[in-house]
Each structure stands twice: as structure tokens, then as C-alpha cells.
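For reference, the structure discussed in these notes is given below.
Quick caveat, the model's predicted, so the values are computed rather than measured.
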Amino acid sequence: MKRKALFIGVDMGTSSTRVGVIDESGRRRGAASRPARLSNPAPRVYEQCPDEMYASVMLAIADVLAQPSINARDVCGIAICGQMAGISTIGRHWEATTPYDSWLDMRCASQVQRLKPYEQQIIERSGGPVSATHAAKWLYWRDEQPQVYRRVSKLIMPAAYVAGRMAALEAEAAFMDDTYLGFNSFADSRTLQWNTSLIDEFHLDAERLPQLVRPWDRIGAVCARAARDCGLPVGTPIFAGCADIAASLLGTGAFASGQLFDIAGTGAVLATLLDTFAVDAQHKTLSTFRHCVPGMYYSMAYVGGAGLTLKGFGLTPDECLQLEARAAALGARNKLLYLPHCGGRHAPYDASLSGAFVGLDWSHDRTDQYRAMLESIAYEYAQFLRCMRDIDNVAGLGGVISLGGGANSPVFRQIKADVLGLPYHKLPSAEYGVLGAAMLAGHGAGVFADLQQTAMDWRAPVQSVALPDPSR
């Protein structure tokens, strides 16, 4: 019997790297993960080592290929999705020249203010407001780290760094796929070009920008060294991949305009699908991006580091389980509020904000504090939803699809359903970003002719629904 073609999807997250293998019928054949290290060497400075990120991907691929059900020779392509708002840099020979400047990092706050006078133009053309993302980080490296910057040949995404290293590319072949552009103030998302007039305004060298590609474009093939590192055959095709949120949305197989998604991970993301390129010029809170599927878009905002809060509060996994049960019965009886912006606020941008409990007194215990942390994300989402309805009056019509690690918490889902007044649909536990990336590899290889139809055919049924309680 003929063996089915296999495709590998990789999701490079903030705290872990996940890898999955699917076959051409959509069956998940294997999965593996490796931890990723996030460094916080100074207040509001968050970075990761690109070489460590590469190693985590190689080790996770090797782990999954070691599973007896998988033959590496059947792998017909690989695509990597990854973090969106941070930036990596490379030298002429694809060597990392700086740490990965994380999406959580606020060290470039002073540069954000330099971009503010151009914000209206930036929103209309890139899709997103000015924040501590690609453009501000570029200005930071040039103006505040000039000795380091002189070694920089190209600015790229961390997923592209790993893919290019696997393919032994040189800097001239640097690429960025179009699903990241909403976080780049120097991009023109509508025309899939760089906004060269604004780049010139800041006296930046446009030659340091990568070429723009589509998520399924082939960027190279696994080189001999990478083959030794991960176990894939030399010559295995590598496709561009995409932003992690775009991959997750694709993996769900849901494409109705106005559909909401909650991706509860290290960042807490609320996103809505759009059938037109609509931007948030009024509130300057939402960023709009291209979807993997041509002609589709999505708008989103996020709470930075939401998934780090409980860890930073010193809670162990066992204690979280205990607090989960008690918080479910507690309700919002003590009106304790929590401000979740421990590293500054990302949407709308305000680097000066910090975290805080408001209304704390001696009657509150750890359960009250735990529930207040969960409620804080729901209250942020309520503001995001108001912004979304100003640009799309059907946002939320189909309820919310709940993804990410936080989706496994029934009390968290119920709190958000109550605050938003919308049903929360939980899908079976799966790595939807990994699945979306694998689909892109299959599409690039010519096996999945219609990307959207493939995702719809593989759509998982809803596992459970949390209905909003009007009394709350």
C-alpha cells in the first residue's frame, strides 16, 4: 500500500516550541515539544537567544521523527509559524547579530514616540497603530546600539531565522511573509510593499528589510547540517510559514466574517475575522492583518504576558488546580480588581502602565486574587470587542472559539463568556498553529490545492460550550 505524504508544522511560541506531523488526509501522526527560554535581564527587557530557538526546533523535530509511526522519507515539506511583534536580525551569512527582541520587550518605548506623528498614515497603510513592534525596534537598534547595528544585514522574524538557517541561506535571500505586516509601521499591507517614503523620512536603509513572500512560497530546502541536527532528509522542501495567530486561525477551519477567537497563551489575544481590510483609526487599539487565505483578514488586540502572570505570582500547577476549583464557586463577591499590564500595556499602547491589585483588603485571600487575575483579561477583552464592533458590526455573531492553554480552564472560559455576553466554544485540545503551518507546507507542495477547503474539511467539532449567565 502506498504510504501517505507527511507534512511538518512548527509553532515557535514564547515558552515552548511545538511540532506536529500530519498526513495528506489530515490525520495527526505525531507531535513533540521542547521548552523555550525567555530572558528578562532588566525591567521591561525581554529577549530570546536565536541559537537556542533554532536548537529547540531541531530537537523537537528529531523527537517527533523518532516516533515509530513516522518515516522521515515521507515528509514532503515543512513550514514554521512564530511570534509576531518582535524582531530578529542577521548578518551577511545568516548569523544572529542581536538577541530576538521579544514582542514583550518595551526597551524601544522612546522610539515609539518618534513614530506617533505619522500614526494615522501608519494605521491606514500597515493596518496597526504605533507600538513597541518592528519599526520602533529597528530605530532602537540603529540609534541606541550603533555598534551592534553595523553588523546587521537584515531584519527578519524568528521563524524565518530558523527556516533560513535550516536552508543555509545567505542574507540576500532574507524573507518575511505578509501575515506579519500589521506589526510593521513601515509596511503597506494593502499593496504588499514597504512604505519607502516613510522609511526615507527616518533616514533608514531599506536594503535591511527582507523580501515579502506568501506563506506557502518555497524558500529553500533542508541543508546537510540541518539534516544532521533534526533527522529530516537533505532536500526536504521548506516553505515560508506565517505568523502564529494566522496559523491558528487557519487550523480551526472557521472562516465566517465576524467570528471571534480567543487565543489564551503567554499573550491573551482576541481576534475577529474580516472580509475587508478594515482598520481601527478611532481607538488605535486593534491591528489588522492578512489571513493565510487570500482575500481574508483579521483584526486583533492582546494583553502582553497574560500567561506569565500566574507564574510570576508564584503559583505552582497544583496550586492553580486547587484555586481553579475554589474560584469557580467564589464568584465576584469581593469586587477585587487586577490590572494585568505588568510589562506595560500593548493595546492601546502605554509602556508606563504596571500591574496592580485595586481594592485589596484583609478579607481577600489567594482565591480572590486568582479570580481577579482571570477577570482582568475578560475586562480587557470587553474593550477590544467594543473596538471591533466599531469597525465590523457583526463581530461576535458566531460566539467565541477558545484556543490556547487557557482554553482548558472551565472557570476562565465561563468568566469571559459572562463578561462578553457571548457563548464560548471549546475545540478539542490540539495545536492549531502547528496544524495550520502543516497545511501551508502541504499547499506549497501542491498536495492541498485549496487551502481554505482543506481547513474546512478537517475542522474539529466543538467539544463544549460555556453560555453567558445573564445574572452575572
Asp143 bridged to Arg114 by N-O distance under 4.0 Å:
yes
Ion pair check, Asp205 and Arg208, cut-off under 4.0 Å:
yes
How about CZ on Arg389, more than 12 heavy atoms from neighbouring residues, nucleotides or ligands closer than 6.0 Å, or not?
yes
Qualifying residue for side chain to side chain contact (heavy atoms under 4.5 Å, CB included) with Thr272, from Thr288, Ile391, Leu260:
Leu260
Between Asp188 and Ser126, is there a side-chain donor-acceptor contact under 3.5 Å, judged purely by atom types and distance?
no
Heavy-atom closest contact (Ser189 atom, Gly182 atom, distance):
OG-N, 4.1 Å
Using a strict threshold of under 4.0 Å (side-chain N to carboxylate O), is an ion pair present between Arg18 and Asp244?
no
Determine whether Ser354 and Leu339 make a side-chain contact, defined as any pair of heavy atoms from C-beta on separated by less than 4.5 Å.
no
Under 3.5 Å, side chain of Arg345 to main-chain N/O of Pro348, donor-acceptor pair present?
yes
Quick check for you: to the nearest 0.5 Å, what is the distance between Leu435 atom CG and Thr454 atom OG1?
10.5 Å
Look at the aromatic rings of His346 and Trp103 and report parallel, tilted or perpendicular, splitting at 30° and 60°.
tilted
Are Glu375 and Tyr338 close enough, and set up right, to give a side chain to side chain donor-acceptor pair (under 3.5 Å), and what steps lead you there?
CA-CA 8 Å; Glu375 290 175 350; Tyr338 178 67; over 6 Å; no
Applying side-chain contact (heavy atoms from CB on, under 4.5 Å), run through Leu422 and Leu385 and close with a yes or a no.
CA-CA 11 Å; Leu422 295 169; Leu385 182 58; 3.9 Å; yes
Between Phe202 and Trp138, is the ring pair (Phe, Tyr, Trp, His ring centres under 6.0 Å) condition met? List the steps.
CA-CA 11 Å; Phe202 284 88; Trp138 185 4; 9.5 Å; no
Do Tyr298 and Leu274 have side chains that get closer than 4.5 Å, going by heavy atoms?
no
If you look at every heavy atom in Thr97 and Gly91, which pair is closest and at what distance?
CG2-N, 3.4 Å
Could you tell me the separation between the CZ atom of Phe183 and the CD atom of Gln83, rounded to the nearest 0.5 Å?
11.5 Å
Please check if the side chain of Lys284 supplies one atom and the backbone of Gly128 the other of a donor-acceptor pair under 3.5 Å.
no
Nearest heavy-atom pair of Arg413 and Ser402: which atoms, and what distance?
CD-OG, 3.8 Å
Would Gln121 and Leu198 count as a side-chain contact (heavy atoms from CB on, under 4.5 Å) if you check the C-alpha gap in whole Å, the side-chain angles of each, and the deciding distance to 0.1 Å?
CA-CA 9 Å; Gln121 175 194 159; Leu198 190 57; 4.1 Å; yes
I want to check something: taking the side chain as every heavy atom from C-beta on, are Met84 and Ile245 in contact at a cut-off of under 4.5 Å?
yes
Between Leu212 and the options Asp177, Asp178, Leu181, the side chain to side chain contact (heavy atoms under 4.5 Å, CB included) test singles out Leu181
Do any N or O atoms from the side chain of Glu119 and from the backbone of Val130 form a donor-acceptor pair under 3.5 angstrom?
yes
Under 6.0 Å between ring centres, would you say that holds for Phe289 and Tyr180?
no
Check: Ile22 main-chain N/O paired with Arg28 side-chain donor or acceptor under 3.5 Å
no
Please determine whether side-chain contact (heavy atoms from CB on, under 4.5 Å) holds for the pair Arg107 and Glu47, giving the CA-CA distance in whole Å, both sets of side-chain angles, and the decisive distance to 0.1 Å.
CA-CA 11 Å; Arg107 78 184 84 179; Glu47 59 191 28; 2.8 Å; yes
Over all atoms of both residues, closest heavy-atom pair of Lys137 and Ala85
CE-O, 3.6 Å
Spacing of CZ belonging to Arg92 relative to CZ belonging to Arg151, to within rounding of 0.5 Å
13.0 Å
Any chance you could measure Tyr100, atom OH, to Met12, atom CE, to the nearest 0.5 Å?
8.5 Å
Full working for side-chain contact (heavy atoms from CB on, under 4.5 Å) between Phe412 and Leu374
CA-CA 6 Å; Phe412 201 12; Leu374 301 183; 3.8 Å; yes
Lys426 side-chain N/O to Ser409 backbone N/O, donor-acceptor pair under 3.5 Å:
no
4.5 Å side-chain heavy-atom contact, Leu403 and Asp262:
no
Heavy atoms only: give me the nearest Glu380-Pro340 pair and the separation to one decimal.
CG-CG, 4.1 Å
Decide yes or no for Trp94 and Ile156: does some side-chain heavy atom of the first lie under 4.5 Å from some side-chain heavy atom of the second?
yes
Tell me, do Ile401 and Gln259 make a side-chain contact under 4.5 Å, heavy atoms counted?
yes
Test item: Tyr149 and Thr89 side chains (from C-beta on) under 4.5 Å apart, heavy atoms
no
Met53 versus Arg37: any side-chain heavy-atom pair under 4.5 Å?
no
Mind checking whether Phe7 and Phe448 have ring centres under 6.0 Å apart?
yes
Sidechain-backbone polar pair: Arg218 side chain, Trp216 backbone, donor-acceptor under 3.5 Å:
no
What is the minimum heavy-atom distance between Gly77 and Thr236, and which atoms define it?
N-CG2, 4.2 Å
Distance in Å, Leu209 CG paired with Trp194 CH2, rounded so as to fall on 0.5 Å steps
5.0 Å
Do the side-chain N and O atoms of Asp101 and Tyr140 include a donor-acceptor pair separated by under 3.5 angstrom?
no
Any side-chain to backbone donor/acceptor pair from Ser110 onto Cys108? Under 3.5 Å, distance only.
no
Determine, step by step, whether Asp51 and Arg165 satisfy the salt bridge (Lys or Arg N to Asp or Glu O under 4.0 Å) criterion, reporting the C-alpha distance in whole Å, the side-chain angles of both residues, the deciding distance to 0.1 Å, and the verdict.
CA-CA 10 Å; Asp51 293 336; Arg165 185 166 166 182; 2.9 Å; yes
Heavy-atom donor-acceptor pair, Trp458 side chain to Gly253 backbone, under 3.5 Å:
no
Whether the side chain of Arg190 engages the backbone of Arg125 through a donor-acceptor N/O pair (distance < 3.5 Å, no angle test) should be reported.
no
Would Gln145 and Thr98 count as having a side-chain donor-acceptor pair, cut-off 3.5 Å?
no
Just verifying a value: how many Å separate His443 NE2 and Leu451 CG, rounded to the nearest 0.5 Å?
5.0 Å
Test item: Gln48 side-chain N/O and Thr14 main-chain N/O as donor-acceptor pair under 3.5 Å
yes
